[in-house]
Amino acid sequence: MSPVKSVTIVGAGIAGLTAALALARKGIAAHIVEQASTLAEVGAGLQLSPNASRVLAELGLLQDLERRWSEPDHIQLSSGNTLASLASVPAGAAARARWGAPYGVLHRASLQAVLLDAVSREPSCTLVTGRRVETAEEAAAVADTDLVIAADGVWSRLRGSVPGALPARYSGNVAWRFLVPYDSAPALLNPRTVTAFLGPQAHLVAYPLAETRSFNIVAIHQQAEAPPEGWSRRGDTAAQKRLANAFSGWHAGIRKLIATADDPLVWPLFGCPDGAWTDGRKTVLIGDAAHAMTPFAAQGAAMAIEDAALLANRLAGATDLGAALRRFEAERRERVAKVRNRGAFNRFAYHARGPVALARNLVLSLRKPESLAGDFDWLYGYRTPD
């Protein structure tokens, strides 16, 4: 019988709420503590690849998600200079057929609403808002539980309670996000695809959000100096000038898209170095608190969701809590490292310039869509080990 009957989860974001539901399905009660008095998910759009949507489907959430999201037909790579297609990976029905789960895009607030609704209906879960917790000791004082799960994000306070855990570091890139309504969107935005436009030292991702009838735009460029921490900061005049300069050599349609953006918000992209995730006794980090990564593989939320599913499996089958936590960390560390490496490769390929960009385009032109899809079997076809 598992030594874990109940847990305290710090953070009611995607990682924390998914973990609470996954644990509840295993008979483990979850007490969630959130510092915000009202849950309002920050950010805008979110990509849920099949490895993430599979977990959410197993938690009984797929039907609710399908009412809110879009399933793009393709994931497209295009030139930021000419708008020409460079490569295409089949999604939509092809994703369900190949990877056994859908590829959906939706607003972050929609996913959080679905998770929160499920948590509110789960008798084994309780949620306390408006309470700030900064250490494992403070979390343990909130409720008498067997384990503290830190799901408090990239700028985690509880990370300091785990010996060997390392603080997040600025990646050298910033991301701007804004929405473009369908009825005023330029023709270069395709409502049936996730499109990444590639260019020197920058790229721009666009995909539809059915709930808001708008396109989610994320423009990422290199920047030596880190802006202040936070998800929802309006860039000053100097920051907006740097944004314009980063895309100055791009296609006129993209330059206009950026120049006319309505209230764009900027956030610095941070990642966590490879430090410890658990003290092996009473605290474990999950999601961005453990392994925040830059969005070059669009897997930040997916890794948090996978964390939640595997942690629930390991705690439910445990006879020794410390051993279960160490096994969880070892398994997830291997998986996350592989995903992180893919993101680093994408960053190099997306931001290539000169001869390297020409070679990239040539290689992509020789690949058939089905062949490119096969490159993602290890990622999108992942199933949480029992």
Side-chain angles (χ1 to χ4, degrees), residues 4 7-20 22-23 30-35 131-143 145-172 226 228-231 267-295 297 299-312 314-315 318 320-341 343-344:
V4 180
V7 302
T8 298
I9 300 173
V10 179
I14 293 171
L17 293 175
T18 307
L23 289 162
H31 188 82
I32 311 163
V33 184
E34 167 60 43
Q35 68 173 352
R131 181 155 185 180
R132 188 177 183 88
V133 172
E134 297 198 359
T135 67
E137 288 72 21
E138 290 179 12
V142 171
T145 60
D146 303 304
L147 177 68
V148 171
I149 300 173
D152 54 340
V154 59
W155 297 295
S156 169
R157 300 294 186 184
L158 269 72
R159 192 182 289 128
S161 297
V162 175
L166 300 175
R169 297 176 183 170
Y170 176 56
S171 69
E229 295 178 359
W231 282 82
W267 82 94
L269 300 180
F270 276 68
C272 282
D274 195 17
W277 299 3
T278 178
D279 61 4
R281 298 181 298 107
K282 62 180 181 179
T283 307
V284 62
L285 309 173
I286 66 171
D288 283 352
H291 49 67
M293 60 182 69
T294 52
Q299 286 293 303
M303 290 301 100
I305 290 167
E306 286 185 12
D307 284 354
L310 184 64
L311 182 61
R314 292 295 164 259
L315 294 182
D320 180 309
L321 175 56
L325 294 176
R326 288 188 293 272
R327 182 183 178 190
F328 163 78
E329 180 178 355
E331 290 178 279
R332 290 303 297 157
R333 187 182 296 280
E334 181 179 0
R335 168 75 171 167
V336 167
K338 193 171 182 181
V339 173
R340 201 191 300 271
N341 288 340

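No hydrogens, no waters, no symmetry mates; every other heavy atom, side chains included, goes into these values. Because the structure is a prediction, the values reported are computed rather than measured.
For the pair L285 and A165, the tightest heavy-atom approach, listed with the atom from each and the gap, is CD1-CB, 4.1 Å. Across all their heavy atoms, L325 and G280 have their closest contact at CD1-C, 4.1 Å. Taking each heavy atom of I286 and A15 in turn, the nearest pair found is CD1-O, 3.8 Å. A289 approaches C272 most closely through the heavy-atom pair O-SG, 4.3 Å. Smallest separation of non-hydrogen atoms from A136 and V148: O-CG2, 4.1 Å. Across V133 and R157, no two heavy atoms sit closer than the pair O-CB, 4.4 Å.
Distance CZ/R335 to CG/D307: 10.5 Å, rounded to 0.5 Å. With rounding to the nearest 0.5 angstrom, the CD atom of E137 is 8.5 Å from the CG atom of L158. Here the CG atom belonging to L23 is positioned 8.5 Å from the CG atom belonging to L147, to the nearest 0.5 angstrom. Of the inter-residue distances, the one linking I9 atom CD1 with E34 atom CD reads 12.0 Å to the nearest 0.5 angstrom. With rounding to the nearest 0.5 Å, the separation of CG in L269 from OG1 in T294 is 6.5 Å. Q35 contributes atom CD, which lies 13.0 Å from atom CZ of R131 (distance to the nearest 0.5 angstrom).
For R132, the salt bridge (Lys or Arg N to Asp or Glu O under 4.0 Å) test picks out E134, with sequence neighbours left out. R333 is linked by a side-chain hydrogen bond (donor to acceptor under 3.5 Å, both in side chains) to D274, E329, counting only residues two or more places apart in sequence or in another chain. T8 pairs by the side-chain hydrogen bond (donor to acceptor under 3.5 Å, both in side chains) definition with T145, not counting sequence neighbours. Partners of T278 under the side-chain hydrogen bond (donor to acceptor under 3.5 Å, both in side chains) rule, at least two apart in sequence or in another chain, do not exist in this structure. Applying the side chain to side chain contact (heavy atoms under 4.5 Å, CB included) criterion to D279, with sequence neighbours excluded, gives P163, R281, K282, T283. The side-chain hydrogen bond (donor to acceptor under 3.5 Å, both in side chains) search around R340 returns none, not counting sequence neighbours.
With contacts defined as side-chain heavy-atom distances shorter than 4.5 Å, the pair D288/S156 does not qualify. Taking the side chain as every heavy atom from C-beta outward, H31 and V142 approach each other to under 4.5 Å. Counting heavy atoms from C-beta on, the side chains of V336 and W277 come closer than 4.5 Å.
The aromatic rings of Y170 and F270 sit tilted, their planes meeting at an angle between 30° and 60°.
A distance-only check finds no donor-acceptor pair linking the side chain of D152 to the backbone of V10 [under 3.5 Å].
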Just do the salt bridge (charged side-chain N to carboxylate O under 4.0 Å, His left out) check on E334 and K338 with the steps written out, would you? CA-CA 6 Å; E334 181 179 0; K338 193 171 182 181; over 6 Å; no
